[in-house]
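Taking it in order: structure first as structure tokens, then the write-up.
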2 protein chains.
Amino acid sequence: MTEAVRKAAKAAATPTVTSRAESLAAAELFQLTPADVDLDILPELLGYQLRRAQVRVFNSFLKRLEELDVSPGEFGLLVLIGANPGLNQNALAKAIGSNRSLLVPMLDKLEARGLVVREKSAADRRSHAVVPSRAGQVLIARLKGVVRDHERQVTTPLSEEERQTLLRLLCRLNGQEAE
Amino acid sequence: MTEAVRKAAKAAATPTVTSRAESLAAAELFQLTPADVDLDILPELLGYQLRRAQVRVFNSFLKRLEELDVSPGEFGLLVLIGANPGLNQNALAKAIGSNRSLLVPMLDKLEARGLVVREKSAADRRSHAVVPSRAGQVLIARLKGVVRDHERQVTTPLSEEERQTLLRLLCRLNGQEAE
DNA sequence: TATTGTTATACTCTATAACTATA
DNA sequence: TATAGTTATAGAGTATAACAATA
């Protein structure tokens, strides 16, 4: 295996909740091509179109989130904390596909803003039970509203039926049988 | 605008052909969640499912490419060079959404492998016309075969009709009216 | 001895700016 | 003066390993 390939594989295998779009961060495969170059087979590839769509949706999502001064990574983390109050940092890190050490500065920031609280766990005094504060709960509710609105906004090129079809096909592709 | 948000926005706006899946890089929003945590509204979001699908497709794509010792970034670059022989490095960099300086080491590697050639342009002796070598053309042809095969492989959960529907909806979402 | 949260370190990727050679 | 290719430097993001406290 090549160096570059190994690295890209690793990055893709454990993408994180923070940073650079698909990045892709790490390892971004396909690109929005502005020029009048011949893209050959690229436009026919699912991966190419998936990447374009993801970048597009991500960017507009980013703009909407700015209103509330929340990064996409923070959004995901907040939603998870809101839906699963009391998880310890380790579990939370795994849930967002990250690890303990990366979660620390994220929580530091959210805690400094008074959105979440690290409670000393009585059961296991090594761990912290992470819970949303009152203000955090309010923000999470607002975030959900914003994101639902964004969902409608970003899918304007599609009819409601098409939007649902797209979502259903993606779920199937992702191995999540709809029901 | 927040620091993190600005950075993520920038990264997302100019993702590159190399590395980190979308990573993704840059700023990966949604995550594959293994645990039994409540994902709340996440699974209903197009961005979440798009990201999952992209990571999934990217990873299997990566494995297929390993056979030929080519990274995803190199794949995109090779296809573009094959379809647009003679472009200079600047144009090529823009085409993959990157910049001149990042393209240099990529071309160095491909040239060292004898896959592409930097020809001195007679018209403008500052620039290089990048063209595929004979071996490069052969590899590109093989790559296209691999990628077409991968396309079928990765879409096995879908019928052929569904695959085309998905591609069509993605194109529409991307603002590329099918015809 | 193992695990939680934390910190420190290294490594990768990317962006920016400087350098040269041509124009 | 501006542009093409190149190189060097710095920055952000991430992974890994080490640390203290607790189990």
Side-chain angles (χ1 to χ4, degrees), chain A residues 2-29 31 71-74 86-94 96-109 111 116 118-130, chain B residues 2-29 31 71-73 86-94 96-109 111 118-130:
Chain A
T2 296
E3 281 295 312
V5 172
R6 190 185 306 115
K7 287 167 193 167
K10 191 165 195 182
T14 62
T16 66
V17 102
T18 50
S19 135
R20 89 151 199 72
E22 314 206 339
S23 142
L24 280 126
E28 305 319 345
L29 160 52
Q31 199 43 49
S71 75
E74 291 166 345
L87 284 187
N88 69 26
Q89 297 184 196
N90 216 355
L92 219 39
K94 282 180 194 158
I96 63 172
S98 184
N99 64 49
R100 306 174 281 167
S101 60
L102 294 183
L103 188 65
V104 175
M106 295 183 74
L107 282 181
D108 287 346
K109 191 175 168 194
E111 200 168 26
V116 306
R118 284 187 248 223
E119 294 183 345
K120 283 280 180 189
S121 170
D124 184 342
R125 291 192 350 243
R126 290 175 300 183
S127 66
H128 297 161
V130 182
Chain B
T2 298
E3 281 296 310
V5 172
R6 189 185 308 115
K7 287 168 193 167
K10 190 165 194 182
T14 61
T16 65
V17 100
T18 49
S19 136
R20 107 46 268 123
E22 283 9 7
S23 180
L24 69 288
E28 304 318 343
L29 160 53
Q31 200 42 48
S71 75
L87 284 186
N88 69 25
Q89 298 184 196
N90 216 353
L92 219 39
K94 281 179 194 157
I96 63 173
S98 185
N99 63 49
R100 306 175 279 168
S101 61
L102 293 184
L103 187 66
V104 174
M106 295 183 72
L107 282 182
D108 286 347
K109 191 175 167 194
E111 200 169 25
R118 286 188 248 222
E119 294 183 345
K120 283 279 181 189
S121 170
D124 184 342
R125 291 191 351 241
R126 290 175 301 183
S127 67
H128 297 160
V130 181

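Residue numbers begin at 1 in each chain, while the letters A, B, ... track the order of the sequences.
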Measure [atom1]/[X] against [atom2]/[N] and give the value in whole Å, please.
X	N	atom1	atom2	result
B:Leu87	D:dA4	CG	P	13 Å
A:Asp108	C:dG5	CG	C1'	10 Å
A:Met106	D:dA12	CE	P	16 Å
B:Leu102	C:dT16	CG	C1'	11 Å
A:Gln89	D:dT22	CD	C1'	15 Å
B:Asn99	D:dG5	CG	P	12 Å
B:Leu92	D:dT3	CG	C1'	17 Å
A:Leu103	D:dA15	CG	P	13 Å

Looking at the base of D:dT22, is there any donor atom on it, or on the side chain of A:Ser127, that sits under 3.5 Å from an acceptor on the other one? no
Is it the case that C:dT16 (base atoms only) and B:Ser101 (side chain only) share a donor and an acceptor within less than 3.5 Å, ignoring hydrogens and angles?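 By the distance-only test, yes, there is a pair.
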Which nucleotide in C:dG5, D:dT6, D:dT16 has an atom nearest any side-chain atom of A:Arg118: C:dG5
Salt bridge (charged side-chain N to carboxylate O under 4.0 Å, His left out) involving A:Glu119 - partner list, sequence neighbours excluded: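 With neighbours one apart ignored, the set is empty.
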Sorted by chain and number, sequence neighbours left out, salt bridge (charged side-chain N to carboxylate O under 4.0 Å, His left out) with B:Arg126 holds for B:Asp124
Step by step, work out the side chain to side chain contact (heavy atoms under 4.5 Å, CB included) result for A:Leu102 and A:Ile96. CA-CA 11 Å; A:Leu102 294 183; A:Ile96 63 172; over 6 Å; no
Residues which pass side chain to side chain donor-acceptor pair (under 3.5 Å) with A:Ser101, listed by chain and number, not counting sequence neighbours: A:Asn99
Nearest heavy atoms of A:Arg125 and A:Lys120, plus distance in Å: O-NZ, 4.5 Å
Smallest separation among heavy atoms of A:Asn90 and A:Arg100, with atom names: OD1-CG, 3.1 Å
Identify whether any heavy atom of A:Asn88 sits under 4.0 Å from a base atom; if not, whether one sits that close to sugar-phosphate; answer base, sugar-phosphate or nothing. sugar-phosphate
Go along nucleotides 18-23 of chain C 5' to 3' and tag each nucleotide: B for a protein heavy atom under 4.0 Å from its base, S when only backbone or sugar atoms are that close, - otherwise. ---BBS
Are any side-chain N or O atoms of A:Gln89 and backbone N or O atoms of A:Leu103, one a donor and one an acceptor, separated by less than 3.5 Å? no
